[in-house]
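When reading the values below, keep in mind they use all heavy atoms of this one structure, side chains included, and skip hydrogens, waters and symmetry mates. These numbers were taken from a predicted model, which means no experiment stands behind them.
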Amino acid sequence: QVQLVESGGGLVQAGGSLRLSCTASGRTSSTYAKAWFRQAPGKEREFVAAIGWRGATIGYADSVKGRFTISRDNAQNTVYLQMNSLKPEDTAVYYCAAGTFSTRYDDYGAWGQGTQVTVSS
């Protein structure tokens, strides 16, 4: 079983940056693909970015492409989401997930508790 803990959320002005971190523990946690999803109030959870277990395969949602960067450090069992040029519409709870590389929610079996990101205009 993989446990995930996110950190790094907060309040930032539009145009600012934040870096989210997700530290994993548990057996073989480094061999899973990792992803970030987000959920805004009243909306469904949506895919943000994913990275394969070796870091060679990466995918982004169109809404964040060119602004967000996902990366991972398997030695530290940590995945990162660097978020630049933040917009108010990026406001959401951001969740880290572990599973099979995909944009689909159902392909990830382990989830963190989420971290709040709020972007003010």
Hey, are the side chains of [X] and [Y] touching, using non-hydrogen atoms and a 4.5 Å cut-off?
{"X": "Gln116", "Y": "Thr91", "result": "yes"}
{"X": "Asp90", "Y": "Met83", "result": "no"}
{"X": "Glu6", "Y": "Trp36", "result": "yes"}
{"X": "Tyr108", "Y": "Phe37", "result": "yes"}

Testing the basics here: between [X] and [Y], what is the closest heavy-atom pair and its distance to 0.1 Å?
{"X": "Val93", "Y": "Gly114", "result": "CG1-CA, 3.8 Å"}
{"X": "Ala24", "Y": "Lys34", "result": "CB-NZ, 4.2 Å"}
{"X": "Thr78", "Y": "Ser21", "result": "CG2-CB, 4.3 Å"}

Is [Y] reachable from [X] through a run of hydrophobic residues whose side-chain heavy atoms are each under 4.5 Å from the next?
{"X": "Val12", "Y": "Val64", "value": "yes"}
{"X": "Phe68", "Y": "Val79", "value": "yes"}
{"X": "Leu11", "Y": "Leu86", "value": "no"}
{"X": "Tyr32", "Y": "Ile70", "value": "no"}

Review point. Ignoring hydrogens and geometry, is there a side-chain-to-backbone donor-acceptor pair from Gln82 to Thr69 under 3.5 Å?
Key: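 It does not hold such a pair.
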Exercise for review: Find the distance between CD (Gln13) and OG (Ser121) and round it off to the nearest 0.5 Å.
Suggested key: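 Reported to 0.5 Å precision, the distance equals 9.5 Å.
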Between side-chain atoms of residues 40-56 and protein atoms elsewhere (two or more places apart, or another chain), which donor-acceptor pairs fall under 3.5 Å?
| residue | atom | partner | partner atom | Å |
| --- | --- | --- | --- | --- |
| Arg45 | NE | Gln39 | OE1 | 3.4 |
| Glu46 | OE2 | Arg38 | NE | 2.6 |
| Glu46 | OE2 | Arg38 | NH2 | 3.2 |

Exercise for review: For residues 79-105, pull every pair meeting ring-ring contact (aromatic ring centres under 6.0 Å, His included), keeping only residues two or more places apart or in separate chains.
Suggested key: Tyr105-Trp111
Check your understanding: Does the side chain of Asn77 come under 3.5 Å of the side chain of Thr23 through a donor N or O and an acceptor N or O?
Key -> no
